[in-house]
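Working notes, structure below.
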Number of protein chains: 2
Amino acid sequence: MTAPGPGTVRPGGRTARVRDAVRAATLAELSEHGHHGLTVENVAARSGVHKTTVYRRWGGADGLIADALDRAAAEPWPVPDTGTLAGDLRDLARLVLAGLTDPAQEPLTRAFVLAAAHSAAAARALHAFYARRHEQSAVIVERAAARGEVPAGTDPAEVVRTAVAPLYHRAFITGEPVDAAAADRAAAAACAAARAGALVAPGPEPPPRGRPRPAH
Amino acid sequence: MTAPGPGTVRPGGRTARVRDAVRAATLAELSEHGHHGLTVENVAARSGVHKTTVYRRWGGADGLIADALDRAAAEPWPVPDTGTLAGDLRDLARLVLAGLTDPAQEPLTRAFVLAAAHSAAAARALHAFYARRHEQSAVIVERAAARGEVPAGTDPAEVVRTAVAPLYHRAFITGEPVDAAAADRAAAAACAAARAGALVAPGPEPPPRGRPRPAH
DNA sequence: AGGTTAACGCAACCCGCGTTGCGTTACGCT
DNA sequence: AGCGTAACGCAACGCGGGTTGCGTTAACCT
């Protein structure tokens with residue numbers, strides 16, 4: 001698709017140089033001018049690569065964002081491990097908070113979400129990005145279940161979502177402040193809901209035979 | 001701004017007719033072609049109003065969306081009243097679910113959120129829209145507090161957000177399915193968190209002198 | 001009824017994104 | 001070293017969104 005195919009291809013010097021220049025220019029343009037400022041012509045001008053080359057290899061601005069998302073998904077993601085579910089969720093929410101407020105990350109996060117809204121390629125990349133993060137973060141809930149902090153069968157993805165969704169909601173929907181207090185409260189709410197057994201996985205995977213539901 | 005000012009103005013026949021035609025065409029275009037299909041020229045052609053008139057009165061596509069948002073905010077919003085917090089939150093989440101899945105509402109909801117992302121006017125309108133909804137929904141939590149279902153001082157906005165944010169998160173961030181099961185689980189999680197006292201309002205307004213925090 | 005003027009219609013224009021066809025470079029292979 | 005070809009550079013074009021200046025309509029007031 002976007003990356004050079006596996007046939008008789010030339011991943012050699014010039015191609016790689018062009019690719020890196022365009023990728024760097026894409027991130028720079030996004031950071032400076034945001035999503036609606038990301039145009040192929042600007043990226044081409046900044047990178048020194050010709051406009052048509054960018055259109056051929058990436059297909060347009062959405063393709064540039066999809067490529068950046070694929071790279072971001074491959075980067076390591078420091079899953080918190082504080083010893084308690086409350087602490088882990090708190091740190092997890094703080095990581096998301098940074099993605100939505102840190103001047104270096106915020107434009108990228110917003111651009112990724114917006115690009116996914118009107119580009120199938122970017123949407124696929126965005127969903128894959130978050131799917132990977134969720135499965136990496138699942139270990140937080142699994143450790144908590146092993147410690148007995150939450151009932152067996154608690155859905156890790158649902159706990160993570162409950163902890164971070166309010167931050168995205170503030171940033172993209174209501175426009176309310178996104179700060180440490182909001183992050184901590186969202187994490188605490190997710191922790192409380194998980195402890196109360198409100199986030200057990202439904203249907204096909206019942207808790208592996210034990211107490212069906214801990215008394216609240 | 002967008003609406004005709006209060007000075008020596010002519011809200012009379014022709015102006016009102018043009019306004020209604022453009023508004024109807026805007027909603028129709030949004031429903032059919034979505035957000036990125038909403039162009040001033042299409043709205044002008046469909047409404048029979050000239051292109052320049054639309055630009056003058058609304059300023060562009062974002063202004064059309066901001067106007068539609070202002071109208072949507074004024075429409076009545078059936079706040080659930082089932083007698084229990086769990087039931088109210090469940091129905092509230094189902095209302096949001098409808099806004100994100102019903103073919104008649106979904107394009108509008110998405111367009112509103114996207115327009116706010118790259119237009120200050122649309123952002124103001126969107127934030128006002130949700131601020132109004134939150135304050136209307138607050139009565140759900142207030143009734144629950146009066147019934148003793150949740151601790152005094154529970155933040156209504158935070159409870160509502162916890163119940164609905166996961167749905168927006170699925171729709172706009174992760175691309176996971178948005179269905180009744182997701183709505184019910186989000187509502188149940190918000191209910192559990194509120195009951196556990198994890199959503200008491202911070203700072204300036206302490207609970208009006210009672211138990212400072214219910215033992216968990 | 002008639003005048004005033006806000007609001008609208010109209011035609012032409014500018015600009016920038018995206019596309020196309022062809023010539024040029026330099027990577028990879030023998 | 002020398003060839004074949006994938007990948008890139010280049011110039012020109014089409015097209016649609018957005019803007020401008022001026023003429024026309026019809027709402028409001030006396």
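Letters go in sequence order (proteins before strands), and every chain restarts at 1.
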Exercise. Once you round it to whole Å, what is the distance between P of C:dC8 and CZ of B:Arg17?
Worked result: 11 Å
Exercise. Got a sec, which pairs hit ring pair (Phe, Tyr, Trp, His ring centres under 6.0 Å) with one end in residues 84-124 of chain B, sequence neighbours left out?
Worked result: B:His35-B:His118
Exercise. Which of residues 43-53 of chain A have a heavy atom under 4.0 Å from DNA chain C?
Worked result: A:Lys51, A:Thr52
For this session: To the nearest Å, give me how far apart OH (A:Tyr55) and P (C:dG18) are.
Result: 4 Å
Exercise. Got a sec, which residues hit side chain to side chain donor-acceptor pair (under 3.5 Å) with A:Glu41, two or more places apart in sequence or on another chain?
Worked result: A:Lys51
Seminar exercise, completed: With sequence neighbours left out, the residues meeting salt bridge (charged side-chain N to carboxylate O under 4.0 Å, His left out) with B:Arg124 are none
Exercise. Reckon B:Arg56 has a side-chain N or O less than 4.0 Å from the OP1 or OP2 of C:dC8?
Worked result: no
For this session: Output yes when B:Glu75 and B:Arg132 qualify as a salt bridge under the 4.0 Å nitrogen-oxygen rule, no when they do not.
Result: no
Identify each donor-acceptor pair in which a side-chain atom of residues 165-173 of chain A lies under 3.5 Å from a protein atom, sequence neighbours left out, and give them as a table.
unit_1: A:Tyr168; atom_1: OH; unit_2: A:Tyr130; atom_2: OH; d: 3.0
unit_1: A:Arg170; atom_1: NH1; unit_2: A:Pro177; atom_2: O; d: 2.9
unit_1: A:Arg170; atom_1: NH2; unit_2: B:Glu158; atom_2: OE1; d: 3.3

Problem set entry | Rounded distance in Å - CG (B:Leu38) to C1' (D:dG16) | 15 Å
Exercise. Can you name the residues that form a salt bridge (charged side-chain N to carboxylate O under 4.0 Å, His left out) with A:Asp155, not counting sequence neighbours?
Worked result: B:Arg185
Seminar exercise, completed: Between CZ of A:Arg57 and C1' of D:dG9 the distance, given in whole Å, is 14 Å
For this session: Take the protein atom CG of B:Leu64 and the nucleotide atom C1' of D:dG18, then report the distance between them rounded to whole Å.
Result: 14 Å
Seminar exercise, completed: Between CZ of A:Arg19 and P of C:dC27 the distance, given in whole Å, is 14 Å
Problem set entry | A:Thr15 side chain, from C-beta outward: closest of D:dT19, D:dC8, D:dC22 | D:dC8
Seminar exercise, completed: Those residues at least two apart in sequence (or on a different chain) that pass side chain to side chain contact (heavy atoms under 4.5 Å, CB included) with B:Ala145 are B:Val150
For this session: Using five pairs at either end of the helix from C:dA1-D:dT30 to C:dT30-D:dA1, determine the angle between the two local helix axes and round it to 10 degrees.
Result: 40°
For this session: State which residues pass side chain to side chain donor-acceptor pair (under 3.5 Å) with B:Arg23; sequence neighbours excluded, sorted by chain then number.
Result: B:Asp67
For this session: Taking only Lys NZ, Arg NE, NH1 and NH2, and the carboxylate oxygens of Asp or Glu, determine whether B:Glu149 and B:Arg143 approach each other closer than 4.0 Å.
Result: no
Problem set entry | Gap between atoms CH2 and P, on B:Trp58 and C:dA7 respectively (whole Å) | 12 Å
For this session: Write down the distance between NE2 (A:His36) and P (D:dG17), rounded to a whole number of angstrom.
Result: 18 Å
